[in-house]
Amino acid sequence: MTLEEINGQENTMDNADRVQSAGTALEELLLAAKKQDYLTVGVYESAKVMNVDPDSVAFCVLATDEEYECDIALQIHFTLIQAFCFDNDINVVRVNDIDRLADLVGADDSAEPKDAHCILVTSPSANPWKDPALDKLSLFCEESRSAYDWVPAITLPER
């Protein structure tokens, strides 16, 4: 084995640990934000918040799965949301398990499942909300961008 192969294996293991740690942090962040009522769930609802008060957005999660991969309209929305987030220095991640994500953010009183394709974690501008999980995810996104992974994919922990 060459040194490059050994380093490549170590980096792969480190990357897997990073992604798993980020998944746990994302779950913690979403649960904490839900308790504080700092979540905006849904593509259109998120677009409204970004338009009215972009400074209140602290983090963005885009979710899809195989069923929605070919949905061109959704992909266009994702592209526009990503561009907005990049322009406003908002960290963005992708999650490939929309059902798990929908379970985390819960259903509303009408018992209809929420559109969990886009989830924003907001924070009031006057009194910014600090959360250790948000700090971990911000660091994860920063490290990913330094490796030219502009919208990193996160895997949520199994339940």
Side-chain angles (χ1 to χ4, degrees), residues 10-50 52-69 74 77-78 81-82 84-159:
E10 288 174 3
N11 288 340
T12 302
M13 291 188 324
D14 289 344
N15 193 37
D17 291 341
R18 278 183 57 241
V19 171
Q20 185 176 11
S21 175
T24 302
L26 179 60
E27 182 177 20
E28 291 169 5
L29 175 67
L30 292 174
L31 293 174
K34 182 179 175 184
K35 285 180 187 173
Q36 297 288 329
D37 198 27
Y38 288 164
L39 284 183
T40 301
V41 181
V43 173
Y44 297 110
E45 292 81 0
S46 297
K48 288 178 199 172
V49 169
M50 288 180 188
V52 173
D53 190 10
D55 292 334
S56 71
V57 180
F59 198 78
C60 178
V61 180
L62 299 176
T64 190
D65 57 16
E66 291 177 10
E67 181 181 344
Y68 294 100
E69 273 184 7
L74 184 62
H77 286 297
F78 280 2
I81 290 169
Q82 287 173 22
F84 182 88
C85 289
F86 293 152
D87 285 348
N88 290 281
D89 296 323
I90 300 167
N91 290 315
V92 184
V93 295
R94 276 194 182 251
V95 175
N96 291 327
D97 189 353
I98 193 166
D99 294 328
R100 174 87 171 92
L101 198 59
D103 288 343
L104 279 174
V105 297
D108 52 10
D109 295 334
S110 67
E112 283 185 34
K114 287 189 174 184
D115 166 23
H117 288 106
C118 182
I119 299 173
L120 298 181
V121 176
T122 57
S123 175
S125 301
N127 186 17
W129 180 56
K130 292 292 181 190
D131 187 84
L134 181 59
D135 294 337
K136 286 179 190 175
L137 286 167
S138 295
L139 180 61
F140 173 78
C141 289
E142 186 178 320
E143 290 172 352
S144 296
R145 280 192 302 272
S146 70
Y148 301 107
D149 186 5
W150 302 110
V151 183
I154 290 181
T155 304
L156 291 169
E158 294 292 323
R159 289 288 163 195

When rounded to the nearest 0.5 angstrom, what distance separates CG in D103 from CD in E27? 10.5 Å
Applying side-chain contact (heavy atoms from CB on, under 4.5 Å), run through L31 and L104 and close with a yes or a no. CA-CA 7 Å; L31 293 174; L104 279 174; 3.9 Å; yes
Residue pair C118, E45: steps toward the side-chain contact (heavy atoms from CB on, under 4.5 Å) verdict: CA-CA 9 Å; C118 182; E45 292 81 0; over 6 Å; no
Check: L101 and L30 side chains under 4.5 Å, non-hydrogen atoms: yes
Does atom OH of Y44 have more than 12 heavy-atom neighbours, drawn from other residues, nucleotides or ligands, at distances under 6.0 Å? no
Pairwise side-chain contact, N91 with R145, heavy-atom cut-off 4.5 Å (strictly under): yes
Find out whether F59 and L134 are in side-chain contact, i.e. whether some heavy atom of one side chain is under 4.5 Å from a heavy atom of the other. yes
List the atom of D97, the atom of L156, and the distance in Å for their closest heavy-atom pair. O-CD1, 4.5 Å
Quick one, S123 and K130 - any side-chain contact, counting heavy atoms below 4.5 Å? no
If you look at every heavy atom in A22 and L137, which pair is closest and at what distance? O-CD2, 3.4 Å
Is the shortest side-chain heavy-atom distance between T40 and I119 below 4.5 Å? no
Shortest non-hydrogen contact from P54 toward F84: CB-CZ, 3.4 Å
Is there a side-chain contact between Q82 and L62, using heavy atoms and a 4.5 Å cut-off? yes
Whether the side chain of T122 engages the backbone of Y38 through a donor-acceptor N/O pair (distance < 3.5 Å, no angle test) should be reported. yes
Could you check whether any side-chain N or O of N88 sits under 3.5 Å from a backbone N or O of I90, counting only pairs where one atom can act as donor and the other as acceptor? no
Do the non-hydrogen side-chain atoms of C141 and V93 ever get within less than 4.5 Å of each other? yes
Working to the nearest 0.5 Å, report the span between CG of D37 and NZ of K34. 10.5 Å
Where V151 and R94 come nearest, the two heavy atoms and their spacing: CG1-CG, 3.6 Å
Looking at every heavy atom in both V41 and A116, which two are closest together, and how far apart are they? CG1-CA, 4.0 Å
Are any side-chain N or O atoms of D115 and backbone N or O atoms of V43, one a donor and one an acceptor, separated by less than 3.5 Å? yes
Side-chain donor or acceptor of R100 paired with backbone N/O of P157 under 3.5 Å: yes
Taking every non-hydrogen atom, the tightest pair across A63 and F78: O-CZ, 3.3 Å
Just jot down the side-chain contact (heavy atoms from CB on, under 4.5 Å) partners of A133, sequence neighbours excluded, or say none. A25, E28, L29, D131
Going from OG on S21 to CG on L26, what distance comes out if it is rounded to the nearest 0.5 angstrom? 11.0 Å
